[in-house]
Participant: 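I have a structure I would like to understand better, so I am pasting it below and will then ask my questions one at a time.
Below, all heavy atoms of this structure are taken into account, side chains as well, without hydrogens, waters or symmetry copies. All of these numbers come straight from a predicted model, not from anything done at the bench.
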Amino acid sequence: MAERDPVSRRLAELAAEFAGTMILILFGCGVVAQVVAGGLGDHDSIAWAWGLGVTLGVYVAARISGAHINPAVTVALAVFKDFPWRKVAPYALAQTLGAFVAALIVRWNYSEVLAAVDPGHTIKTQGVFSTLPGNGTLPVGTWGAFRDQIIGTAILLFLVLAVTDARNDGPAANLAPVVIGLIVVAIGMAWGTDAGYAINPARDFGPRLASFLTGYGGAWRDQYGELYFWVPILGPLIGGVLGAGLYKALIGRFLPAGGGQQPVDLPSRSKYEAA
């Protein structure tokens with residue numbers, strides 16, 4: 001690959017994060033819209049489509065940016081993996097914009113069925129775009145959902161680091177994105193009750209903003225009328241750091257200095273990383 005100047009490298013990384021997160025949300029919000037508004041599919045199809053969205057988004061961005069596609073991943077890597085702090089905010093912004101644009105596409109494409117099922121664009125279909133405590137129906141409050149997001153994202157980062165650590169026995173060839181997608185499927189199937197497993201601030205805030213701007217006036221609040229949008233932002237950021245820290249403390253520090261070849265550049269330093 002031809003050498004790029006620093007500005008071009010940065011733009012390439014941000015474009016990759018934007019595109020990878022957009023792919024993730026096109027499949028993620030798309031499948032929820034299909035289930036909720038179209039009546040096609042169920043919880044399992046939602047879990048699988050989100051996982052496949054992660055896999056495909058990672059394949060899109062991995063070689064250029066490291067395919068974080070999640071601000072919680074970016075922050076955790078800055079804390080524990082020497083990812084440059086100066087890149088954290090630009091990465092998070094690119095990820096959130098990618099999620100926002102993808103959600104607008106989903107909102108546009110499913111506009112007819114969403115209007116038919118929920119003409120007032122209420123909390124009945126708000127969950128197509130953003131998460132809610134207890135998925136909007138179960139008896140879970142703000143702090144229960146906050147706890148859930150910390151735990152779920154800690155699990156995600158612990159396992160992502162285990163899969164991508166060059167010193168560990170990671171997936172062969174370039175299968176790390178597939179395994180990471182399966183991790184998200186498993187989290188969705190085991191940890192989706194209390195808060196809808198956002199485990200990604202960009203995944204929730206970008207679509208939440210898109211829904212608010214297109215008719216969902218209550219997008220910032222939960223079914224109890226409480227401001228909720230901060231929970232799937234702050235919870236994952238805390239949980240990601242905790243999970244990465246636990247991996248380093250329990251596993252990473254005991255692995256030998258040498259190791260096999262890392263399957264893909266995920267989610268460490270990108271091909272274009274500059275000093």
Participant: With a 4.5 Å heavy-atom cut-off, do Tyr247 and Asp165 have their side chains touching?
Facilitator: yes
Participant: State plainly whether one hydrophobic cluster holds both Trp50 and Val163, where clusters connect Ile, Leu, Val, Met, Phe, Trp and Tyr through side-chain heavy atoms under 4.5 angstrom apart.
Facilitator: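 Per the 4.5 Å side-chain linkage, Trp50 and Val163 are co-clustered.
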Participant: Is there a side-chain contact between Leu56 and Val60, using heavy atoms and a 4.5 Å cut-off?
Facilitator: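 No - every pair of side-chain heavy atoms lies 4.5 Å or more apart.
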Participant: Between Asn135 and Asp194, does a side chain to side chain contact (heavy atoms under 4.5 Å, CB included) hold up when you go through it step by step?
Facilitator: CA-CA 7 Å; Asn135 293 304; Asp194 282 1; over 6 Å; no
Participant: Check whether any side-chain heavy atom of Pro133 lies under 4.5 Å from a side-chain heavy atom of Gln223, and answer yes or no.
Facilitator: yes
Participant: Kindly determine whether Thr131 and Tyr197 satisfy side chain to side chain donor-acceptor pair (under 3.5 Å), including the steps that lead there.
Facilitator: CA-CA 8 Å; Thr131 58; Tyr197 73 106; over 6 Å; no
Participant: If I take atom CG from residue Leu209 and atom CG from residue Leu97, how far apart are they, to the nearest 0.5 angstrom?
Facilitator: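 Atom-to-atom, Leu209:CG and Leu97:CG are 9.5 Å apart.
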Participant: How long is the span from the CD1 atom in Ile150 to the CD1 atom in Ile238, to the nearest 0.5 Å?
Facilitator: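 Going from CD1 on Ile150 over to CD1 on Ile238, the span is 4.5 Å.
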Participant: Can you confirm whether the side chains of Thr142 and Glu226 place a donor and an acceptor under 3.5 Å from each other?
Facilitator: no
Participant: Out of curiosity, Phe254 CZ to Lys248 NZ, how far, rounded to the nearest 0.5 Å?
Facilitator: 12.5 Å
Participant: Can you name the nearest heavy-atom pair linking Val241 to Phe80, along with the distance?
Facilitator: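 Closest pair (atom of Val241, atom of Phe80, distance): O-CE1, 3.3 Å.
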Participant: Looking at every heavy atom in both Leu104 and Ala210, which two are closest together, and how far apart are they?
Facilitator: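 Minimum heavy-atom separation between Leu104 and Ala210: CD2-CB, 3.7 Å.
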Participant: Should Leu138 and Val32 be regarded as members of a common hydrophobic cluster, given that ILVMFWY residues are connected when their side-chain heavy atoms come within less than 4.5 Å of each other, either directly or indirectly?
Facilitator: no
Participant: Does a sphere of radius 6.0 Å around CZ in Phe27 hold more than 12 heavy atoms from other residues, nucleotides or ligands, not counting ones at 6.0 Å or beyond?
Facilitator: no
Participant: Test your reading of the model: is there a side-chain donor-acceptor pair from Asn70 to the backbone of Ile199, 3.5 Å cut-off?
Facilitator: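 Indeed, once roles are kept as given, a pair shorter than 3.5 Å links the two residues.
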Participant: When rounded to the nearest 0.5 angstrom, what is the spacing between CZ in Phe100 and CD1 in Ile105?
Facilitator: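 So the gap between those two atoms works out to 11.0 Å.
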Participant: Keeping the roles fixed (side chain from Arg203, backbone from Ile25), state whether a donor-acceptor pair exists under 3.5 Å.
Facilitator: no
Participant: Can a donor-acceptor pair be found, under 3.5 Å and without considering hydrogens, that links the side chain of Glu17 to the backbone of His68?
Facilitator: yes
Participant: For the pair Asp222 (side chain) and Leu227 (backbone), establish whether a donor and an acceptor sit closer than 3.5 Å, ignoring hydrogens and angles.
Facilitator: no
Participant: Given 3.5 Å as the limit, does a donor-acceptor pair link the side chain of Asp44 with the main chain of Met189, or not?
Facilitator: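 No.
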Participant: Roughly how far, to the nearest 0.5 Å, is the CD atom of Gln126 from the OG1 atom of Thr122?
Facilitator: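 These two atoms lie 8.0 Å from each other.
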Participant: Would you mind listing every salt bridge (Lys or Arg N to Asp or Glu O under 4.0 Å) that reaches into residues 114-138, with sequence neighbours excluded?
Facilitator: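 Salt bridge (Lys or Arg N to Asp or Glu O under 4.0 Å) check on residues 114-138 returns no pairs.
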Participant: Can you tell if the side chain of Leu14 reaches within under 4.5 Å of the side chain of Tyr91, non-hydrogen atoms only?
Facilitator: yes
Participant: Quick check: do Asp42 and Ile46 have side-chain heavy atoms less than 4.5 Å from each other?
Facilitator: no
Participant: Would you kindly confirm whether Val75 and Leu93 end up in one hydrophobic cluster when ILVMFWY residues are joined by side chain heavy atoms under 4.5 Å apart?
Facilitator: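 Yes, one cluster joins them.
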Participant: Less than 4.5 Å apart, side chain to side chain, heavy atoms only: is that true for Thr74 and Gln95?
Facilitator: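 A side-chain contact under 4.5 Å exists here.
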Participant: Leu132 and Gly136: which non-hydrogen atoms are nearest, and at how many Å?
Facilitator: CB-N, 3.6 Å
Participant: Determine whether the aromatic ring centres of Phe229 and Trp220 lie less than 6.0 Å apart.
Facilitator: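 Ring-ring flag for Phe229/Trp220: true, centres closer than 6.0 Å.
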Participant: Is a donor on one side and an acceptor on the other found under 3.5 Å between the side chain of Ser211 and the backbone of Arg208?
Facilitator: yes
Participant: Does a side-chain heavy-atom distance below 4.5 Å link Val160 with Val73?
Facilitator: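 Result no, sub-4.5 Å side-chain heavy-atom pair not found.
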Participant: Does a salt bridge link Lys87 with Glu13, judged by any charged N lying under 4.0 Å from a carboxylate O?
Facilitator: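 Yes.
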Participant: Is there a path from Tyr224 to Ile123 through hydrophobic residues (I, L, V, M, F, W, Y) whose side chains come within less than 4.5 Å of each other?
Facilitator: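 In one cluster with Tyr224: Ile123, no.
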Participant: State, with a plain yes or no, whether a side-chain heavy atom of Ile23 is found less than 4.5 Å away from one of Ile69.
Facilitator: no
Participant: If we ignore hydrogens and angles and just use 3.5 Å, is the side chain of Arg147 paired with the main-chain N or O of Trp143 as donor and acceptor?
Facilitator: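 No, the answer is negative, given that no donor and acceptor are paired below the 3.5 Å cut-off.
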Participant: Looking at every heavy atom in both Asp148 and Ala195, which two are closest together, and how far apart are they?
Facilitator: OD2-CB, 3.3 Å
Participant: I'd like to know if the side chain of Ser130 pairs up with that of Asp204 as donor and acceptor (distance under 3.5 Å, no hydrogens or angles considered).
Facilitator: no
Participant: Mark yes or no for whether Tyr59, through its side chain, and Asn174, through its backbone, hold a donor-acceptor pair below 3.5 Å.
Facilitator: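 Here the side-chain-to-backbone pair exists.
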Participant: What's the separation between atom CH2 in Trp191 and atom CD1 in Ile151, rounded to the nearest 0.5 Å?
Facilitator: 4.5 Å
Participant: If I compare all heavy atoms of Ala202 with all of Ala99, which pair ends up nearest, and what's the gap?
Facilitator: O-CB, 3.2 Å
Participant: Please give me the minimum heavy-atom distance between Asn200 and Pro71, naming the atom from each residue.
Facilitator: OD1-CD, 3.3 Å
Participant: Would you please test Val101 and Phe18 for side chain to side chain contact (heavy atoms under 4.5 Å, CB included) and show each step?
Facilitator: CA-CA 9 Å; Val101 171; Phe18 174 92; 3.9 Å; yes
Participant: Answer with yes or no after comparing the ring centroid distance for Phe212 and Phe129 against a 6.0 Å cut-off, counting only values under it.
Facilitator: no
Participant: Is Tyr110 reaching over with its side chain to a backbone N or O of Val128, donor-acceptor style, under 3.5 angstrom?
Facilitator: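 No; zero donor-acceptor contacts below 3.5 Å.
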Participant: In this structure, would Leu159 and Leu250 fall into the same cluster of hydrophobic residues linked by side-chain contacts under 4.5 Å?
Facilitator: yes
Participant: Counting distance only, does the side-chain N/O of Thr153 pair as donor-acceptor with the main-chain N or O of Gln149 below 3.5 Å?
Facilitator: yes
